[in-house]
Structure formats: structure tokens, C-alpha cells
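Step one of this worksheet: look at the structure below.
Source: prediction; values computed, not measured.
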Amino acid sequence: MTLELNIKPKTYDFYLMILTSAVLALIGLVCLYGIGYYTYTNETAPQWTQTQMYGDYIDSMNQLIYPFVVLLLVALGLCIPKRIVPRQSLLAAGTGILAVTFFIALITNIGTSLAFLLAISIVVQAAVMVLTMLGRGGLTYEREGYFVRTGSSMLHLGTVIFVFDFVSMRSSELHIPVFWVATILITVGTVLSFYPGEVGSIARLLRSGGRSS
């Protein structure tokens with residue numbers, strides 16, 4: 001079993017992949033720091049979540065993760081030009097959305113602006129996934145193949161939902177359900193993206209078995 005990535009070095013997609021991977025790694029480090037700080041403080045001051053310390057912690061975490069989330073959503077958004085709209089049109093639309101996001105941050109707070117940007121990204125990525133699964137919209141990808149394309153779109157959507165859950169849903173009752181939605185999308189997307197041949201074989205086997213019965 002071999003895994004081939006047909007992404008040429010020094011191309012638009014290559015640099016986009018490097019940027020996305022780097023930003024995800026940085027977001028992971030911020031999340032680990034946040035978890036470590038929360039755990040340590042919870043051990044030393046069990047009631048701290050009922051004090052101003054918790055509000056300050058949330059504000060500081062939002063400030064830390066804000067630039068990386070914006071970078072991530074920009075990188076994921078730039079994957080769409082080859083799929084739905086011309087690159088220049090997407091850049092113009094993206095610039096407008098970022099301007100609105102920063103304006104919301106100025107008149108409200110960082111958390112609200114992040115929630116807005118993430119919500120827009122979820123809608124766009126969900127549309128891409130649905131169009132991909134239906135085989136519509138004239139979508140093209142760096143790696144062709146139905147399962148690879150579907151897996152790629154699921155990975156994008158799952159990643160955005162995961163960040164949305166971490167940034168905006170921590171205190172919500174839906175935090176855990178949303179986390180599991182993101183986890184399932186990322187897991188299934190990873191399997192489809194990296195093992196399309198095996199998934200295709202299983203699908204053909206199931207299809208032939210259903211016909212024979």
C-alpha cells in the first residue's frame with residue numbers, strides 16, 4: 001500500500017499546504033498551553049472559574065489564538081478558488097469578510113468576531129462538502145478521485161468546526177456534541193483522503209454483495 005501526494009514543490013498548493021500545517025501546529029500549541037493553564041489553576045484554586053480570573057483567562061486565550069485562527073481560515077479559504085470561484089474573486093470576497101470581522105472586533109469583542117468568521121467559514125466549507133459529495137459545482141482538487149475529494153472537503157469542514165468549538169462553544173451545553181461532529185468529520189476525512197483505494201475496494205465489495213443478494 002503506497003500513499004502518493006501529487007503536490008509539486010514551489011507551487012501555490014505546496015506553499016498553501018505548508019502554511020496550513022504550520023498554523024495548525026501553532027494552534028495546537030496554544031490549545032495545549034490553555035489546557036495546561038486551566039488544569040494547573042483548577043488544582044491550585046478550585047473556585048477560580050467563579051472569579052474574574054476565569055474571564056481574564058478566556059480573554060487572554062482569545063487574544064492568543066485570534067491571529068492564528070484568522071490565518072487558518074484564510075489558508076483554508078484559499079483552497080476554494082480551484083473548486084468554486086476564480087481566485088481573484090475569492091480574494092476580494094475574503095478581504096471584505098476580514099474587514100467585517102475586524103470591524104465586529106472593534107465594536108464588540110474578539111470572541112464575537114471570531115465566532116462570525118468561523119460561522120461564515122463553516123457555511124462555505126459545508127457547501128463545498130455537499131457539492132463534492134453530489135459531484136456538482138465543477139469542483140477540482142489537487143488530488144483527483146471521488147473519495148479523495150470528499151475526504152479533503154470533510155477535513156476542511158471538520159477542522160473549522162473543531163476550532164469553532166474550542167473558541168466559541170467551551171461554555172455551551174453543545175460543546176461535546178459539536179466536538180464529536182468535528183472529530184468524526186476529521187477522522188472520516190483522513191481515512192478517505194489517505195486510503196481512497198482501500199475505501200473504494202470496500203465500497204465496490206459492498207455494492208457487488210448487495211446486487212448478488
(request) Could you tell me whether the side chain of F194 reaches within less than 4.5 Å of the side chain of V148, counting heavy atoms only? (result)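 In short, these two side chains do not touch, never coming nearer than 4.5 Å.
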(request) Would you mind reporting whether Y33 and M61 have side-chain heavy atoms less than 4.5 Å apart? (result)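 The answer is yes; the side chains approach within 4.5 Å.
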Would you be so kind as to tabulate the donor-acceptor pairs closer than 3.5 Å made by side chains of residues 176-187, with sequence neighbours excluded?
| unit_1 | atom_1 | unit_2 | atom_2 | d |
| --- | --- | --- | --- | --- |
| T183 | OG1 | F179 | O | 2.9 |
| T187 | OG1 | T183 | O | 2.7 |

(request) Please lay out, stage by stage, how Q63 and I110 fare under the test side-chain contact (heavy atoms from CB on, under 4.5 Å). (result) CA-CA 7 Å; Q63 292 173 4; I110 289 177; 3.7 Å; yes
Side-chain donor-acceptor distances from residues 97-109 under 3.5 Å, at least two apart:
| unit_1 | atom_1 | unit_2 | atom_2 | d |
| --- | --- | --- | --- | --- |
| T101 | OG1 | I97 | O | 2.8 |
| T108 | OG1 | I104 | O | 2.4 |
| N109 | OD1 | G111 | N | 3.2 |
| N109 | OD1 | T112 | N | 2.7 |
| N109 | OD1 | T112 | OG1 | 2.9 |

(request) Indicate yes or no for a side-chain donor-acceptor contact from S193 to the backbone of T190 under 3.5 Å, with no hydrogens or angles considered. (result)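 Side chain of S193 to backbone of T190, a donor-acceptor pair under 3.5 Å: no, none is there.
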(request) Answer yes or no: is there a donor N or O on one side and an acceptor on the other, between the side chain of S153 and the main chain of T150, under 3.5 Å? (result)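 Flag set: sc S153 to bb T150 pair under 3.5 Å.
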Can you tell me how far apart [atom1] ([X]) and [atom2] ([Y]) are? Round to the nearest 0.5 Å.
X    : Y    : atom1 : atom2 : result
L26  : S21  : CG    : OG    : 11.0 Å
Q47  : N42  : CD    : CG    : 9.0 Å
R149 : L131 : CZ    : CG    : 12.0 Å
S121 : I161 : OG    : CD1   : 11.0 Å
Y66  : L71  : OH    : CG    : 11.0 Å
F147 : E198 : CZ    : CD    : 11.5 Å

(message) Minimum heavy-atom separation for T159 and L155, please, with both atom names.
(response)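 Heavy atoms only, the tightest pair is OG1-O, 2.8 Å.
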(message) Please find the pair of heavy atoms, one from Q125 and one from H156, that lie closest to each other, and give the distance.
(response)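 Of all heavy-atom pairs spanning Q125 and H156, the closest is OE1-CB, 3.3 Å.
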(request) Please check if atom CZ in F164 has more than 12 non-hydrogen atoms from other residues, nucleotides or ligands closer than 6.0 Å. (result)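 Result for CZ/F164: enclosed.
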(message) Whether the Q52 and D56 side chains hold a donor-acceptor pair (N or O, under 3.5 Å, no angle test) is what I'd like checked.
(response)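 A donor-acceptor contact under 3.5 Å links the two side chains.
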(message) When you group the ILVMFWY residues by side-chain heavy-atom contacts below 4.5 Å and let the links chain together, are L174 and V160 in the same group?
(response)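 Yes: a chain of side-chain contacts under 4.5 Å links V160 to L174.
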(request) Output all residues satisfying side-chain contact (heavy atoms from CB on, under 4.5 Å) with T51, sequence neighbours left out; order by chain, then residue number. (result)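 Scan of T51 (side-chain contact (heavy atoms from CB on, under 4.5 Å), adjacent residues dropped) gives W48, M53.
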(request) For a side chain to side chain contact (heavy atoms under 4.5 Å, CB included) with V69, tell me which candidate from V23, V30, L114, N62 qualifies. (result)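 Exactly one candidate clears the test, L114.
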